[in-house]
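Working notes, beginning with the structure itself.
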Amino acid sequence: MINSAIITSTLETVSERCADPKGRIFARLYALDAKFEPLFVMDTDGGVRGSMLETSLNCMIGVAEGQSETPRLLIEAARMIHDGYGLTPAEVDLMFVAMRDVFREIMADDWTGQVDAEWTALLAELAAIGAEA
């Protein structure tokens with residue numbers, strides 16, 4: 001069971017330290033896999049990336065809290081939609097990895113072993129969504 005309080009606390013600390021981590025997150029995503037950058041060539045105002053980040057955050061929080069199936073369904077739908085862009089489920093999960101990596105950088109020394117363990121558990125849970133289908 002994921003400790004949602006630790007996930008939420010991490011996100012609160014990140015938001016206090018970095019008003020808009022979007023640029024850093026997408027730079028990290030592109031560094032993880034260069035095939036992502038051309039997919040956003042028409043997103044000249046950053047709206048698509050902003051929406052994608054917001055949806056990803058909401059899904060992460062929702063899965064961590066475990067109070068609704070909606071975040072899981074949204075992730076499954078995203079996997080199907082992104083298949084049309086030639087992305088595998090593991091490649092779709094790189095968005096969550098990029099977010100975690102940037103959050104860890106922003107948290108610096110406040111990213112403890114316990115925080116890391118909860119984020120590792122959350123990313124594993126996210127990756128498992130839809131795997132049984």
Side-chain angles (χ1 to χ4, degrees):
M1 180 137 231
I2 298 163
N3 185 332
S4 63
I6 290 176
I7 301 300
T8 302
S9 176
T10 301
L11 296 174
E12 289 169 353
T13 301
V14 167
S15 71
E16 292 166 3
R17 295 181 183 179
C18 182
D20 186 5
K22 179 177 66 176
R24 290 174 68 173
I25 290 168
F26 279 90
R28 178 69 180 146
L29 179 65
Y30 304 155
L32 289 170
D33 192 332
K35 80 183 326 181
F36 282 96
E37 194 164 8
L39 297 176
F40 295 98
V41 70
M42 296 189 62
D43 183 28
T44 58
D45 67 355
V48 171
R49 284 169 285 182
S51 177
M52 186 172 155
L53 179 58
E54 179 181 7
T55 299
S56 297
L57 280 168
N58 287 335
C59 287
M60 291 172 99
I61 294 167
V63 168
E65 291 177 347
Q67 296 178 3
S68 167
E69 284 299 307
T70 301
R72 293 177 176 280
L73 295 172
L74 288 171
I75 291 170
E76 287 181 20
R79 293 186 195 296
M80 288 187 278
I81 290 166
H82 288 84
D83 180 63
Y85 292 100
L87 298 175
T88 67
E91 289 169 330
V92 171
D93 288 343
L94 288 177
M95 179 63 176
F96 300 123
V97 172
M99 293 167 71
R100 187 265 329 263
D101 290 353
V102 169
F103 298 160
R104 182 175 46 213
E105 290 170 5
I106 292 168
M107 294 276 294
D109 291 339
D110 293 324
W111 189 274
T112 65
Q114 185 178 16
V115 170
D116 191 64
E118 294 304 325
W119 278 88
T120 298
L122 177 57
L123 266 57
E125 182 71 21
L126 294 167
I129 294 171
E132 64 280 351

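This one's a predicted model, so the numbers in the text were calculated from it and none came from an experiment.
- Judged as a side chain to side chain donor-acceptor pair (under 3.5 Å), and not counting sequence neighbours, Thr44 has no contacts.
- Checking side-chain atoms of Ser51 against main-chain N and O of Gly47 turns up no donor-acceptor pair under 3.5 Å.
- When side chains are defined from C-beta on, Ile75 counts as touching Val63, because their heavy atoms get closer than 4.5 Å.
- Partners of Asp43 according to the salt bridge (charged side-chain N to carboxylate O under 4.0 Å, His left out) rule, which considers only residues two or more places apart in sequence or in another chain, are Arg49.
- Atom CG of residue Leu57 and atom CD1 of residue Ile25 lie 6.5 Å apart, to the nearest 0.5 angstrom.
- Under a 4.5 Å side-chain heavy-atom criterion applied to ILVMFWY residues, the cluster that includes Val41 comprises Met42 as well.
- For the side chain to side chain donor-acceptor pair (under 3.5 Å) test, residues two or more places apart in sequence or in another chain that qualify with Asp110 are Arg17.
- If you chain together hydrophobic residues whose side chains sit under 4.5 Å apart, Leu74 and Leu53 never meet in one group.
- Remark: side-chain polar atoms of Thr55 are not paired, donor with acceptor, to backbone N or O of Met52 under 3.5 angstrom.
- Every residue was checked against the ring-ring contact (aromatic ring centres under 6.0 Å, His included) condition with Tyr30, not counting sequence neighbours, and none meets it.
- Here Lys35 pairs with Glu91 under the side chain to side chain donor-acceptor pair (under 3.5 Å) rule; sequence neighbours left out.
- Clustering ILVMFWY residues whenever any of their side-chain heavy atoms sit less than 4.5 angstrom apart, transitively, puts Tyr85 in the very cluster that holds Leu94.
- Under the 4.5 Å side-chain contact rule for hydrophobic residues, Ile81 and Leu126 share a cluster.
- Each salt bridge (Lys or Arg N to Asp or Glu O under 4.0 Å) pair with one or both residues in residues 63-73, not counting sequence neighbours, appears once here: Arg72-Glu125.
- With sequence neighbours excluded, the residues that form a side chain to side chain donor-acceptor pair (under 3.5 Å) with Arg28 are Asp101.
- Looking at residues two or more places apart in sequence or on another chain, you find a salt bridge (charged side-chain N to carboxylate O under 4.0 Å, His left out) between Arg24 and Glu105.
- Partners of Glu54 under the salt bridge (charged side-chain N to carboxylate O under 4.0 Å, His left out) rule, at least two apart in sequence or in another chain, do not exist in this structure.
- Qualifying salt bridge (charged side-chain N to carboxylate O under 4.0 Å, His left out) partners for Asp93, counting only residues two or more places apart in sequence or in other chains: Arg79.
- Taking every heavy atom of both residues into account, Gly62 and Pro71 meet most closely at CA-CG, 3.5 Å.
- Closest heavy-atom contact between Leu87 and Leu39: CD1-CD1, 4.0 Å.
- Between atom CG of residue Asp20 and atom OG of residue Ser15 there is a gap of 11.5 Å, rounded to the nearest 0.5 Å.
- Here the closest heavy-atom approach between residue Leu123 and residue Arg100 is recorded as CD2-NH1, 3.6 Å.
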side-chain contact (heavy atoms from CB on, under 4.5 Å) for Thr13 and Met107? Distances and angles first, verdict last. CA-CA 7 Å; Thr13 301; Met107 294 276 294; 3.4 Å; yes
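- Side chains of Met99 and Leu29 form no contact here, defined as non-hydrogen atoms less than 4.5 Å apart.
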Would you list the atom pairs, donor with acceptor, under 3.5 Å between side chains in residues 115-122 and any protein atom, with sequence neighbours excluded?
| residue | atom | partner | partner atom | Å |
| --- | --- | --- | --- | --- |
| Asp116 | OD1 | Trp111 | NE1 | 3.0 |
| Glu118 | OE1 | Asn3 | N | 2.8 |
| Trp119 | NE1 | Thr10 | OG1 | 3.3 |
| Thr120 | OG1 | Asp116 | O | 2.8 |

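- The nearest pair of heavy atoms linking Pro21 to Phe103 is CG-CE2, 4.5 Å.
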